[in-house]
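Predicted model, so just to flag it, every value in this text is computed and none were measured. All chains are named by letter (A, B, ...) in the order of the sequence lines, taking the proteins before the strands, and each is independently numbered beginning at 1.
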Amino acid sequence: MARRMDEEYDYLFKVVLIGDSGVGKSNLLSRFTRNEFCLESKSTIGVEFATRTLQVEGRTVKAQIWDTAGQERYRAITSAYYRGALGALLVYDVTKPMSFDNVSRWLKELRDHADSNIVIMLIGNKTDLKHLRAVTTEDAQSYAEKEGLSFIETSALEAINVEKAFQTILSEIYRIISKKPLSAEDPGQANIKEGKTIVVGESEANQKRSCCSSS
Amino acid sequence: MEKKTLIDDYEPGPVPSPRPVDRFGFVKLDVGNNIPEAVVKDRSVFERERDERRLRKWRKMIGVNGSDWKHYVRRKPNVVKSRIRKGIPDCLRGLVWQLISGSRDLLLMNPGVYEQLVIYETSAAEMDIIRDISRTFPTHVFFQQRHGPGQRSLYNVLKAYSVYDREVGYVQGMGFVAGLLLLYMSEEDAFWLLVALLKGAVHAPMEGLYLVGLPLVQQYLSQLEQLVKEHLPKLGEHFAQEMINPSMYASQWFITVFSYSFPFHLALRIWDVFLFEGVKIVFKVGLALLKFRHDELIKLPFEKLVHALRNFPEDALDPDTLLPMAYSIKVTKRLEELTEEYEKKNGKTVQSTKLNENQSPAS
């Protein structure tokens, strides 16, 4: 198996993917980290994890992304993963009004469990299902403005705006982080024990099997 | 028969075009080194003869339609245990699972109940269940066709359970358990086996895996963490240093009893033992997996470690290697102590079972 060179990065940003079950969180993650979309994907049980290293504002940033099960009962497990997260991608399905209505409950969940300075981005996914759309861009946009969230619509299936969504939230995090001096009291800087510019082996991209395993 | 269930409002989707499947009915991936298939070796003449001998022994042991089973288990429990650990013959698996789980007795004591639950009752969880149906074993031929027979059975069992036990309702993960059962038995049989497991017909009830707060998941994960520290101290230390929490890799081991992402032939062997001996086999298999990979795992930094804990190599997943290793790890007594400690600290996780005493089968 081919091995990539070990990577260096300037920042490590922990981001969580949250939102109702079935809105496409896992496929947004696989599109972003492996450029894959799986039509035969399984519902997420507990948490999943993936990383990708990319350039943000001229810096090398490693995004460490935790994908969570969407069903309410799983919050008993998943809410522990909000702690230390610098960003949250709050996803709804543009064809499912209920998943948009529930956005406010997810925001409350973040307020209760996440750090107060967490950057939140609202994502309306599945824009490829044009004939089924039930949440308008305008409604979501104005809701996001009211709540002070950034907002974007994506299609993980057609790979539209997925890159942009992650780039945007990572840039926002970077702008906030880089304004502050790095200090031990900064709760957001995950894995601060390792310090800045760390050499860590990269393994995800090459070892991953196809997204569907057969059982 | 008119069923007032949402899924029945839909016509079945097109039958998916045939693709090559493995011996359990999962679509083969075109990836060359697909794990489940690679481990299934060609069976030699010796192995075939051995399997036929085993099958004869098994048939004798259970009698016609399970009539001699209880008698045999009472007389020779250790023979039964050791035969089950070697794997139940696939053609008898469905029947034996019902016998050892106590579900057969539940079924006989509750005629007509399942039908009632499926046809006449409605559940608040219907939409949740439907949303996950096509995301449960999506690569298995039985469950692939939209609104086909497999998906309907799965829906019916899950809906019936969510009505039978409204406190549990439906939780993601239950579908994999029900789906696995449905590959070996009828809807009604699968439903009662689910009841037997969650309500504790033979072993401690497992409904706490799915109740609000997932209390039993939390308990099992904390016990697993402790057992790792005790059985594999170097690895336990490494996990602590790298801040690895068992929920990062082991939640689905418990919530779906290894049916979510492990090779199917391994999952079946684990289920054989799980139904007879209870949840401790999940701990044993988990510890065996970690032990098998111990020397690699203790060298890995956080991210690689999380990845490795979710993607075990095929040699670790061969039942004939992994299971003997799991059987050799002794956890029963320590698990009892840890349960007691946990309950002292956190209160009793699972309240007393709701199965009536007289429904509890003698085993």
message: Between Ser247(B) and Tyr81(A), is there a side-chain donor-acceptor contact under 3.5 Å, judged purely by atom types and distance?
response: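 Distance-only check passes for Tyr81(A) and Ser247(B).
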- request: Check the side chains of Ser26(A) and Arg135(B) for a donor-acceptor pair under 3.5 angstrom, ignoring hydrogens and angles.
  value: no
Of the non-hydrogen atoms in [X] and [Y], which two are nearest, and what is the gap between them?
| X | Y | value |
| --- | --- | --- |
| Met248(B) | Val47(A) | CA-CG2, 4.2 Å |
| Gln64(A) | Phe302(B) | NE2-CE2, 3.6 Å |
| Gln218(B) | Ala76(A) | NE2-O, 3.5 Å |
| Glu167(B) | Arg73(A) | O-NH1, 3.6 Å |

- request: Starting from the C-alpha separation in whole Å, work towards a yes-or-no answer on side chain to side chain contact (heavy atoms under 4.5 Å, CB included) for Gln252(B) and Glu48(A).
  value: CA-CA 11 Å; Gln252(B) 36 158 293; Glu48(A) 298 280 343; 4.2 Å; yes
Heavy-atom check, side chain of [X] versus side chain of [Y], under 4.5 Å:
| X | Y | result |
| --- | --- | --- |
| Met98(A) | Met127(B) | no |
| Ile77(A) | Ser251(B) | yes |
| Tyr249(B) | Phe49(A) | no |
| Trp253(B) | Ile45(A) | no |

Exceeds 12 heavy-atom contacts within 6.0 angstrom, atom CZ of Arg166(B): yes
Separation of Asp128(B) CG from Ser43(A) OG (nearest 0.5 Å): 11.0 Å
query: Between NZ of Lys42(A) and CD of Gln172(B), what distance do you get to the nearest 0.5 Å?
result: 13.5 Å
message: Would the distance check show the side chain of Gln71(A) and the main-chain N or O of Tyr170(B) forming a donor-acceptor pair, the cut-off being under 3.5 Å?
response: yes
query: Are the side chain of Tyr74(A) and the backbone N or O of Leu214(B) linked by a donor-acceptor pair below 3.5 Å?
result: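 Side chain of Tyr74(A) to backbone of Leu214(B): no pair is present.
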query: Checking Val171(B) against chain A: side chain, backbone, both or neither under 4.5 Å from a heavy atom?
result: both
field: Pair Lys14(A) + Glu303(B), salt bridge at N-O below 4.0 Å
entry: no
